[in-house]
Protein chains: 2
Amino acid sequence: MAINRRMDFQADEIALADFAKAISHPARIAILKILAQQKSCICGEIVEGLPLAQATVSQHLKELKASGLIKGTIEGKTSCYCIDWEVFNQFVAHFGIFADLSQNANCQSQSCC
Amino acid sequence: MAINRRMDFQADEIALADFAKAISHPARIAILKILAQQKSCICGEIVEGLPLAQATVSQHLKELKASGLIKGTIEGKTSCYCIDWEVFNQFVAHFGIFADLSQNANCQSQSCC
DNA sequence: ATTTTATATCGCAAATATACGATGAATTAT
DNA sequence: ATAATTCATCGTATATTTGCGATATAAAAT
């Protein structure tokens with residue numbers, strides 16, 4: 001692109017967009033689903049459940065970790081990942097801004113669209 | 001990339017990822033915010049509220065429309081866009097799958113991560 | 001009829017994302 | 001000590017996204 005306009009937007013818009021981007025790939029949704037149903041999880045089990053090479057899964061895990069949605073610690077030979085529910089729920093709640101904004105006037109009538 | 005693995009994932013994973021991708025750009029979040037607080041909206045007003053060229057905004061609107069999150073009709077000289085709340089709320093509700101999956105065992109203890 | 005206005009689409013350049021093999025680093029098993 | 005295991009990172013190829021000027025389209029105003 002000619003110019004990166006990212007910083008011309010508001011902080012909350014960037015934050016919500018970044019959260020969305022973190023989960024905007026089926027592999028990362030699948031990883032979150034796997035993590036959500038595990039008490040704890042090593043990377044190996046995640047790789048086995050996905051149609052991707054180990055390097056690719058590791059890269060997706062890195063992105064999820066960078067977004068804050070998952071936490072990870074190295075435990076000896078293996079790594080342990082899990083969802084950071086505090087961060088996750090905070091972001092999901094953030095979607096409420098749209099409903100809040102529409103409280104007064106929204107556009108559900110036939111006459112509009 | 002060497003191979004596109006998209007179709008190796010489950011339909012619900014693809015659907016949720018696509019929704020996230022549709023809103024994974026600050027401009028599209030900003031557009032949704034503008035639409036949420038308007039009764040109806042022509043593209044011109046949206047362009048004025050964004051730090052982007054008209055062509056770029058039109059492109060973002062096209063993506064949002066393709067995702068189903070917004071509806072649009074051409075009304076004479078102008079176009080009218082608005083949020084499709086039915087679709088929007090359905091997708092937000094879809095995030096519940098993670099909480100559902102974690103109902104039995106999740107990972108919020110210190111001992112895990 | 002011509003000009004103006006509003007918006008969409010085309011075509012291109014630059015930036016980012018996706019995917020994977022190869023390799024590295026650290027730990028555990030032999 | 002050496003080998004095997006587990007996972008991260010590097011390098012690289014290709015695909016997709018982003019952004020905009022130029023142009024097209026179509027209605028409204030003159």
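To find a chain, count down the sequence lines: A is the first, B the second, and so on, and within it residues start at 1.
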Give one of base, sugar-phosphate or nothing for B:R6, where a contact means two heavy atoms less than 4.0 Å apart. nothing

Is the shortest side-chain N/O distance from B:S79 to OP1 or OP2 of C:dA8 below 4.0 Å? yes

Taking N or O atoms only and anything under 3.5 Å, show me the protein contacts with nucleotides 25-30 of chain D, one pair per line.
none

Distance test, side-chain N/O of B:N4 to OP1/OP2 of D:dT14, below 4.0 Å: no

Spacing between A:L50 atom CG and C:dT18 atom C1', to the nearest angstrom: 14 Å

Quick one: salt bridge (charged side-chain N to carboxylate O under 4.0 Å, His left out) pairs with a partner in residues 88-98 of chain A, sequence neighbours left out? none

Taking salt bridge (Lys or Arg N to Asp or Glu O under 4.0 Å) as the test, write out the residues that go with B:D84, two or more places apart. none

Residues that A:S58 engages under side-chain contact (heavy atoms from CB on, under 4.5 Å), provided they are two or more places apart: A:Q54

Could I get the full list of side-chain contact (heavy atoms from CB on, under 4.5 Å) partners for A:T56, not counting sequence neighbours? A:L52, A:A53, A:H60

Hits for side chain to side chain donor-acceptor pair (under 3.5 Å) against A:E63, two or more places apart or cross-chain, chain-then-number order -> A:R28

Could you work out, with side-chain contact (heavy atoms from CB on, under 4.5 Å) as the rule, every residue matching B:K62, not counting sequence neighbours? none

B:R5 CZ to D:dT16 P: how many Å, rounded? 15 Å

For A:S102 against B:W85, the heavy-atom pair lying closest together: CB-CZ2, 3.3 Å

Rounded distance (nearest 0.5 Å) linking atom CD1 of B:I31 with atom CG of B:L61: 4.5 Å

Atom CE of A:M7 to atom P of D:dT18: distance rounded to whole Å? 16 Å

Which residues, if any, of residues 52-68 of chain A bring a heavy atom under 4.0 Å of DNA chain C? A:L52, A:A53, A:A55, A:T56, A:Q59, A:H60, A:E63

Which residues, if any, of residues 9-27 of chain B bring a heavy atom under 4.0 Å of DNA chain D? B:K21, B:H25

Closest of D:dA8, C:dT7, D:dG19 to the A:Y81 side chain is D:dA8

Passes salt bridge (Lys or Arg N to Asp or Glu O under 4.0 Å), A:D8 versus A:R5? Steps please. CA-CA 5 Å; A:D8 296 335; A:R5 294 294 188 195; 3.5 Å; yes

For B:K33, the side-chain contact (heavy atoms from CB on, under 4.5 Å) test, sequence neighbours excluded, returns A:Q10, A:D12, A:E13, A:I97, A:F98, A:L101, B:I29

